[in-house]
Every structure is written in C-alpha cells, then in structure tokens.
Asks: 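One structure coming up, written as structure tokens, with questions to follow.
As the structure is a computational prediction, the values presented were derived from the model and not from experiment.
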Amino acid sequence: MTVPHPLALNRADLIETRHLIGGHWCAGLQADRAPLAVHDPADLSLIASVPDGGAADARAALEAAQAAWPAWKALPARDRAAILKRWNDLIVAHQDDLGRLISREQGKPLAEGRGEVLYAASYVEWFAEQATRANGEVIPTPAPHKRLLAVREPVGVVAVITPWNFPAAMIARKIAPALAAGCTVVAKPAEDTPLTALALAKLAQEAGVPAGVLNLVTASRERTPEVVDVWLADERVRKISFTGSTPVGRHLARESAATLKKLSLELGGNAPFIVFEDADLDAAVEGLMVAKFRNGGQTCVCPNRVYVQSAVHEAFVDKLVARVAALQVGPASDPASQIGPMINERAVAKIERHVQDAVAKGAVVRTGGLRLRRDDAPGAAYYAPTVLTEAQPDMECACEETFGPVVPVSRFETEAEVLAQANGTPYGLAAYFYSQNPARIWRVGEALDCGIVGINEGALAAEAAPFGGVKASGYGREGSVHGLDDYQHIKYLCQGGLG
Ligand code: SIN
C-alpha cells in the first residue's frame, strides 16, 4: 500500500503542469525541450515537471493577451470586480490545498503556507473592491465653453515576473490590480515554484477570467531571459511588474527603456532593526522573531541588520538567543516545524558564506551557525537559526541580504550613529525600530530612508497598505489605493463648443 505524501492535495487536478495560453492549457510550442523539474526542497523529491518555455511560448502568450485586451478593458468595472471576487472566494475555499502546494514546492511550514493563501486572497479581494472605485476627475473649467475631465484607463498588456519566496502572494498582488484596472497579463512564475501560480490560474479560469486575459508561461532559470526578452522588446507590453533582485530590476529598466514601459520594481532590501534603550525589550524580541523568521528569513522585508543600544544589548541578546535556539527546524510536512528548508543549494551556500565571513571578521556565534543535515534528506538545504553578535558594517551579512535565518547584532551608542548606519546602504525597502519615546518615534520614523517603517511592530504587510521601496530597492507600490495606479494611465478629455 502506498502512503500518501503528507502534503498531498484533496483536489489533485490543482497540480497543473502546463502553460496557460489563450485559455488553453498546453505543453507549449517548445515541447520538444526537456521539462523543468519541480522539487520539494524538504527532501529534493520530484513533485512534478512543467514545460521549459521559450520565446515562441512568450510570443503566443502575448498575442493572446493583446487579443483579449479590448473586450476585458470594455467590461464594466463591476463585472471585472465580480470575477475577481469569485476568484478570491475560490482561493479561500481551497486554502488547504493551496497551502499544501506552497509548502510542498517552497518549503515553508504548513501553517505559513495556509497563511500565505489568505494573504494572497486579501489582495484579490481588495483589488476587486478597488476596481469599482477607479474614479476620474472633473476639473474646474478655464473657459465657459469647455469642460475638462481626467479619466483612468488600463495601460494594456502587463508582464508579471514573480519570485519563489511567496509563490501565491506575489503573483496575486500583481495580477489582481492588473485585472481590476482592465489590463491583461502575461506572467512568468519563479522556476522553483511554478505550481502554486498554475493552480491559482486554474481557479481564476473557474472564476470566469476569460480566455487570454491571464496567460502563464513556465521556464527554467536558463530559459527565463528568452521569455522575458520577448516581452521586454515588444511595444505592446505596456508595463512590467517584477519582484526580485536589484541587478535583474536594473536590467529590466534598461531594456524596457526603448519601448518606454511603465515599471513596478520591488527589489532587494537590507532592512535595519533598531532597539533603543527605551524600548520594551520583550516586545522588541517578539517583533524581531516575527519579522526575521517568517518564511525562514527568506523575505525582502526581513531585518538583515540588528542594532541594539549598548545599555540594553546584553539583556536583549540573552532573550533573543533563548527564543532563537528553541526554534524547530524541519520539513513542512511536520506540524512541529517552524523553519523549513531553504529554497535550494545556492541559497544555503550564500548563508554559509555570510556566516563564515562574519566569523572571520570577528563576529561571535551565540546560537546556530551551521548547516543542518537530515538523515532522511542528506542533500536538502536546512540551516540552523543563528544569532551573531559583534557584527560590523564591513561584513557581507551587513552589506547584502542574507535571505536566511541569520540575525547579526551590532551595538550602538547614539541615535545619530545608528541612523547613519541604518541609512548607509544603497537599499531602502523596510526598516524597524523599537522605542517608547514619542518624540524619538517621530524623529526616527521620518529620518529612516526607506519605503516601509515598522514602529514597535514586526508584521507590516497588509493589502490596504502601500508596499515598496526607495533607492536600489526599486519603485512603484503594491497593495493599497496606490497599487492600482501603476496599472493605469490618466487620460485628459477636453470638450469644447459648449456655449
Ligand atoms: C517579499 O519578500 O518580497 C514580500 C514580503 C511581504 O509581502 O511581506
């Protein structure tokens, strides 16, 4: 008798393994190529294989999106909203299966996988509501015979490129505003985690998203440029929305300049987390645990550098180490797991490099500091939750995102000194600080050079809040009322001859 995998789905047909182009599930126009294998990072077992798409698939997806655009754009906003609401309802109804799928292909603990499904759905529901509120303006006329209006219009076909760390939430918070605005979409989900995106697309079809409005092409890391280059070069793609690394974001900005596309770039972070001596230390430790260890530290807004004022440094570190050392590391299929495997070998190799570099430059390992091997999955990429103290600005872990469960702690003396360090990075996505002094809260909140600030709070993201960065962390905002703007342009209408 075969024992079902603990993350097996109730609805097996939600494991979809083909491109979605023009309303058809298809192996693609480059079906002669070896498929792209999708592995469970917990034990490296094969979950499924999807097509390793290329330029021909990208072109077919774009043709379908372009053909579907006029009718989708012309549909009353209320009707688009109704379809999005049905999509939201289906996502929520399949929370359990989608959560299992996320955990299976991405590795996060099952409770987090299920949580991500609701997080993804919250964007779909929010933008369903926003679709009907995309109001224009009547502008006071400069002349009695004229009337001036500004209306919002969808930009056209949008290319969406998403990362592996939130396989449902990242694609939902791009596709939902695009569809709400009246745009059509060509999307390329991350090569490590395409199955969740395909399952979401299947539910979108069931919700009534018409053929061609949403198209998905899967591709390996090697073939991704082939797909994306088609969309970059084509003037019919009017916008690109990308979440991922800063070098790739720069490449997309450079290459889309020829066709002057709109861009939303949610790029790398290097978030500081500051604990002032007037902070509630227990709340600060709690906030750090939530912010840092969500998704095993594989989150763009994760604190990457922790600064603690000297007077409370030891007390804070003792409390933190006790909490971090107690974290349970294991596969998503084990309900006790709090930290899953890292996404792949490259990810764990980077974490190892950062910790080795820090230790070589004088950091002290207070807990963790090593790769974990499991007898049942010797090649899987687990890393022990780690606290380092005596971190310095020249360490690799202070200069770039570690993207893993490592907390490097430095001490500081003055507010001015810590602000200089916190802002002394090319990145500016998120920052966090803990203080109970109201004057300091305003000063520091305003002085931090980033797009998102957590004040006495570690859990920041919400569908109604604007998410995005400044400097090398990119531009554009996702979620909130601003999230729709990026998928629209403003058209000015001037009517004369009125009297
Ligand atoms: C990200 O890591 O890019 C997204 C994190 C979030 O939505 O909180």
Side-chain angles (χ1 to χ4, degrees), residues 2-8 36-49 100-113 163-167 190-193 195 221 289 292-299 302 304 320-361 363-389 391 395-397 400-409:
T2 50
V3 180
H5 189 284
L7 297 181
L36 167 63
V38 184
H39 292 107
D40 182 341
D43 56 12
L44 307 185
S45 59
L46 179 71
I47 310 171
S49 294
R100 286 166 193 265
L101 196 49
I102 293 171
S103 291
R104 187 84 200 274
E105 65 174 346
Q106 197 271 334
K108 67 184 59 168
L110 191 50
E112 283 195 45
W164 50 263
N165 59 345
F166 290 90
E191 48 287 341
D192 292 303
T193 57
L195 300 175
R221 192 167 275 102
M289 295 300 293
K292 179 70 216 186
F293 292 101
R294 172 172 171 238
N295 202 17
Q298 303 173 106
T299 305
C302 267
N304 200 52
L320 178 66
V321 169
R323 288 294 307 279
V324 174
L327 287 170
Q328 297 289 312
V329 180
S333 55
D334 178 349
S337 299
Q338 294 166 295
I339 306 283
M342 300 294 101
I343 188 68
N344 55 32
E345 187 54 38
R346 255 200 339 276
V348 85
K350 181 179 185 189
I351 298 167
E352 285 185 300
R353 199 183 75 233
H354 277 197
V355 172
Q356 282 159 12
D357 169 77
V359 170
K361 291 175 179 156
V364 178
V365 177
R366 300 288 282 261
T367 184
L370 74 169
R371 182 182 176 137
L372 300 175
R373 304 252 177 213
R374 292 179 65 88
D375 294 343
D376 55 351
Y382 292 90
Y383 199 87
T386 297
V387 177
L388 305 173
T389 51
M395 292 174 178
E396 285 183 38
C397 62
E400 54 167 317
E401 280 181 309
T402 301
F403 237 61
V406 177
V407 188
V409 183

Asks: Could you report the tightest heavy-atom contact between Pro109 and Gly340, atom names first, then the distance?
Replies: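 Heavy atoms only, the tightest pair is CD-N, 4.1 Å.
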
Asks: About how many Å separate NZ of Lys350 and NE2 of His354, when rounded to the nearest 0.5 Å?
Replies: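 One finds 5.0 Å between NE2 of His354 and NZ of Lys350.
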
Asks: Indicate yes or no for a side-chain donor-acceptor contact from Asn304 to the backbone of Thr402 under 3.5 Å, with no hydrogens or angles considered.
Replies: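 Side chain of Asn304 to backbone of Thr402, a donor-acceptor pair under 3.5 Å: yes, one is there.
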
Asks: Measuring from atom CD of Gln298 to atom CE of Met342, what distance do you get when rounded to the nearest 0.5 angstrom?
Replies: 4.0 Å

Asks: Closest heavy-atom contact between Pro163 and Ala190?
Replies: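 The answer is C-CB, 3.4 Å.
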
Asks: Let me confirm one number: the CD1-CZ distance from Ile339 to Phe293, rounded to the nearest 0.5 Å.
Replies: 6.0 Å

Asks: Output the distance between atom OG1 (Thr299) and atom NZ (Lys292), rounded to the nearest 0.5 Å.
Replies: 8.5 Å

Asks: Quick check: closest heavy atoms across Pro341 and Gly330, and the distance to 0.1 Å?
Replies: CD-O, 4.1 Å

Asks: Measure across Ser49 and Ala37 and return the closest heavy-atom pair with its distance rounded to 0.1 Å.
Replies: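 Taking every non-hydrogen atom into account, OG-CA, 4.0 Å.
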
Asks: Using the side chain to side chain contact (heavy atoms under 4.5 Å, CB included) criterion, which residues pair with Leu372? Sequence neighbours excluded.
Replies: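 So Leu372 forms a side chain to side chain contact (heavy atoms under 4.5 Å, CB included) with Val329, Leu370, Tyr382, Ala384.
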
Asks: Considering residues at least two apart in sequence or located in another chain, which fulfil the side-chain hydrogen bond (donor to acceptor under 3.5 Å, both in side chains) criterion with Glu396?
Replies: Arg353

Asks: Suppose the criterion is side chain to side chain donor-acceptor pair (under 3.5 Å): which pairs have a residue in residues 326-345, not counting sequence neighbours?
Replies: Glu345-Arg371

Asks: Taking side chain to side chain contact (heavy atoms under 4.5 Å, CB included) as the test, write out the residues that go with Glu191, two or more places apart.
Replies: Leu36, Lys188, Arg221, Thr224

Asks: Under the side chain to side chain contact (heavy atoms under 4.5 Å, CB included) rule, collect the residues that match up with Asp43, sequence neighbours excluded.
Replies: Asp40, Ser45, Ala377

Asks: Strictly by salt bridge (Lys or Arg N to Asp or Glu O under 4.0 Å), give each pair with a member in residues 376-388 just once, sequence neighbours left out.
Replies: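 Every salt bridge (Lys or Arg N to Asp or Glu O under 4.0 Å) pair that includes a residue of residues 376-388, provided the two are not neighbours, is Arg374-Asp376.
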
Asks: Please, which pairs that meet salt bridge (Lys or Arg N to Asp or Glu O under 4.0 Å) have at least one residue in residues 320-332, sequence neighbours excluded?
Replies: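 Sorted result for residues 320-332: Glu286-Arg323.
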
Asks: According to salt bridge (charged side-chain N to carboxylate O under 4.0 Å, His left out), who are the partners of Glu352, at least two apart in sequence or on a separate chain?
Replies: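 Salt bridge (charged side-chain N to carboxylate O under 4.0 Å, His left out) list for Glu352, sorted by chain: empty.
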
Asks: To the nearest 0.5 angstrom, please state how far the CZ atom of Arg294 sits from the CE atom of Met289.
Replies: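 That separation rounds to 14.5 Å.
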
Asks: Just to verify, what does Tyr383 make a ring-ring contact (aromatic ring centres under 6.0 Å, His included) with, not counting sequence neighbours?
Replies: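 If we apply the ring-ring contact (aromatic ring centres under 6.0 Å, His included) test to Tyr383, skipping adjacent residues, there are no hits.
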
Asks: Please determine which of Val409, Val365, Val407, Thr367 meets the side chain to side chain contact (heavy atoms under 4.5 Å, CB included) test together with Leu388.
Replies: Val365

Asks: For Pro167, give me all partners under side chain to side chain contact (heavy atoms under 4.5 Å, CB included), at least two apart in sequence or on another chain.
Replies: Ile102, Glu105, Gln106, Lys108, Glu116, Thr193, Thr196

Asks: Please enumerate all residues that pass salt bridge (charged side-chain N to carboxylate O under 4.0 Å, His left out) together with Arg366, with sequence neighbours excluded.
Replies: Glu314, Asp318

Asks: Within a strict 4.5 Å, meaning less than it, do heavy atoms of the Ile351 and Thr386 side chains meet?
Replies: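 Ile351 does not reach Thr386 side chain to side chain.
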
